[in-house]
Number of protein chains: 2
Amino acid sequence: MARAEEYEDRRRELLEAVFRITAERGLDEVSIRTVAAEAGVSVAKVQYYFRTKDELLLAGFEHVMQLLETRQQRLDYSGPMRQVLRDCLLVWLPIDAERIASTRVFLAFAVRALHSPQLAEIEVKLEEEVVSSLAALIARGQELGQIRAGVDPEQQAQLLLAVLDGLTLQMLLNPEVMTVRRGTAAVDAYLDALCSS
Amino acid sequence: MARAEEYEDRRRELLEAVFRITAERGLDEVSIRTVAAEAGVSVAKVQYYFRTKDELLLAGFEHVMQLLETRQQRLDYSGPMRQVLRDCLLVWLPIDAERIASTRVFLAFAVRALHSPQLAEIEVKLEEEVVSSLAALIARGQELGQIRAGVDPEQQAQLLLAVLDGLTLQMLLNPEVMTVRRGTAAVDAYLDALCSS
DNA sequence: ACTCGTACCATACAGTCGTACTGTACAGGT
DNA sequence: ACCTGTACAGTACGACTGTATGGTACGAGT
């Protein structure tokens, strides 16, 4: 069905425009018109693919989520658990231009989700997925004797995600203080504590 | 000078309206008109005290910051360092209605600061203050032998703040998963690691 | 050949936005 | 008594917002 594929491609192009605007100028610069201009299309085309702005934003959030998930799935899962876990965590840290953009967009949507049940639903769903996949990695590491046995995988995964969110916020807000080096060092320290006896 | 005091009072009333709207409906629901309506005054009155919307938002951010600082200064600094540090950290965690509101507002402004140099400036300034005061507490705890000597106070303070930010975000976004109990437990665990040899 | 759905475009509408302008009530100084 | 500055109120302006509408080009089906 080349029809359906093309349809999805057009939608994705528009969602990428949403992504770029959000990353560069913030979520409240996203309007039907700015998205149309960014994508180089007419207002009506945006409306054709997304009936309302809410629908556009919903899809925009899901687009970022999917991007982050994809990045997580593309990792090399063959090495030692500590390495795998580290790579997995680094997906969320703003350590290069690509990740700076995606974490900015994520944060913008997450904060808006505080007042939008629909966005919150998406956020919660993704978080559950990430937590459970991290927990699975931790549990697997425990089986292999590479990770301390005493901790609850699920709870530890949640905590890791929280630490990650915090580091992300600090790195974005104050990159001169919370540098890439310090951020990754913090993650490594956390992993040290998790892996050592 | 009762004149100047009244002037500041009026300004504060408007800033509290900004605070309430931001906490309940989000920062992008803040407009001159919604603030005027929330405060029960005319649009022109808001304009009289804040020439532009930017000025209003700037002052609004400073207002939250001041609120948080005040709350931190009102603490009881006489007990053991661990207790003091804990209270200090809990100022930032959304563990009751008051703190939920202030952390929501803080996050909203912080994310907007990603695209506003003026807001970012305020954020960075506050963060430096908080970090240095936390670092002072840690250093004092080290002198008293209540906190492990091996760590760098400044760096540890930054990390603590990051963890706090992350926990805050999680608790606000997903309160059913990251409960008050778990959030405070995470802080306590962190303090345990900091205090034990 | 005709029709129909898809994929758009240009434009219009009502509402809201930040901001500016004009007017006024009133307290205090001279 | 007169003037001036403060502290507002009411309203208007242009820009921008999300959304709706009407029109059109075109490939596919019958």
Side-chain angles (χ1 to χ4, degrees), chain A residues 1-22 24-61 63 108-109 112-113 115-119, chain B residues 1-22 24-61 63 108-109 112-113 115-119:
Chain A
M1 303 305 142
R3 252 306 138 66
E5 278 174 28
E6 271 186 40
Y7 184 81
E8 284 307 316
D9 279 354
R10 298 281 130 74
R11 273 177 73 100
R12 194 158 354 100
E13 276 174 33
L14 296 178
L15 294 179
E16 279 163 9
V18 172
F19 182 93
R20 287 195 300 275
I21 296 173
T22 307
E24 289 160 20
R25 290 182 274 158
L27 194 48
D28 35 51
E29 284 293 316
V30 173
S31 76
I32 307 286
R33 276 167 249 262
T34 57
V35 170
E38 174 72 28
V41 301
S42 72
V43 169
K45 182 163 174 176
V46 179
Q47 283 184 290
Y48 180 76
Y49 287 95
F50 303 95
R51 272 175 306 178
T52 66
K53 192 191 177 184
D54 276 356
E55 199 180 313
L56 176 64
L57 288 185
L58 260 299
F61 198 14
H63 179 69
F109 276 106
R112 181 155 302 202
H115 309 282
S116 158
Q118 307 175 74
L119 288 178
Chain B
M1 302 303 145
R3 250 308 137 66
E5 278 173 29
E6 271 186 40
Y7 184 81
E8 285 307 317
D9 279 353
R10 298 282 131 72
R11 273 176 74 101
R12 194 160 353 102
E13 275 172 33
L14 296 177
L15 294 179
E16 279 164 10
V18 172
F19 182 93
R20 286 195 299 275
I21 295 172
T22 308
E24 288 161 19
R25 290 183 274 159
L27 193 48
D28 34 50
E29 285 293 317
V30 173
S31 76
I32 307 285
R33 277 168 250 260
T34 57
V35 171
E38 173 74 28
V41 301
S42 71
V43 169
K45 182 163 174 176
V46 179
Q47 283 185 291
Y48 181 75
Y49 287 95
F50 302 95
R51 272 175 306 179
T52 66
K53 191 190 176 183
D54 276 356
E55 199 179 311
L56 177 63
L57 288 185
L58 261 299
F61 199 14
H63 179 70
F109 275 107
R112 182 157 300 202
H115 309 281
S116 159
Q118 307 174 74
L119 287 178

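The sequence lines fix the lettering, A, B, ..., with proteins before strands; numbering per chain opens at 1.
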Plane angle bin for A/F109 and A/F61 - parallel if under 30°, tilted between 30 and 60°, otherwise perpendicular: parallel
Length of the CZ-P vector between B/R51 and C/dA20, whole Å: 10 Å
Sugar-phosphate, base or nothing in reach of A/Y49, heavy atoms under 4.0 Å: sugar-phosphate
Residue whose closest nucleotide on DNA chain D lies nearer the 5' end, A/T34 versus A/Q47: A/T34
Atom pair distance, as rounded to whole Å: NZ in A/K45 and P in D/dT21: 23 Å
Selected nucleotide, minimal atom distance to A/V43 side chain, candidates D/dT19, C/dC17, C/dC8: D/dT19
Close side-chain approach of A/L15 and A/L56, heavy atoms under 4.5 Å: yes
OP1 or OP2 of D/dA7 under 4.0 Å from side-chain N/O of B/Y48: yes
Distance, rounded to the nearest Å, where A/E29 contributes CD and C/dG18 contributes P: 13 Å
Rounded distance (Å) that lies between atom C1' of D/dA7 and atom CZ of B/F50: 15 Å
Exam field: side chain A/R11 to backbone A/Y49, donor-acceptor pair closer than 3.5 Å: yes
Proximity to the side chain of B/I32 - top-ranked nucleotide from D/dT19, C/dG18, D/dC8: C/dG18
Of A/S42 and A/R33, the one whose closest DNA chain C nucleotide lies more 5': A/S42
Nucleotide nearest A/A44 (side chain, heavy atoms from C-beta), chosen from D/dT19, C/dC9, C/dT6: C/dC9
Under 4.0 angstrom between A/S31 side-chain N/O and D/dC16 OP1 or OP2: no
Distance, rounded to the nearest Å, where B/L58 contributes CG and C/dG18 contributes P: 15 Å
Under 3.5 Å: donor-acceptor pair, side chain of B/K45, backbone of B/G40: no
Spacing of B/R10 atom CZ relative to D/dT6 atom P, expressed in whole Å: 16 Å
Rounded distance (Å) that lies between atom P of D/dG18 and atom CG of A/D28: 11 Å
Interatomic distance, B/E55 CD vs C/dG18 C1' [rounded to whole Å]: 14 Å
A/R25 (side chain) donor-acceptor with B/H115 (main chain) under 3.5 angstrom: no
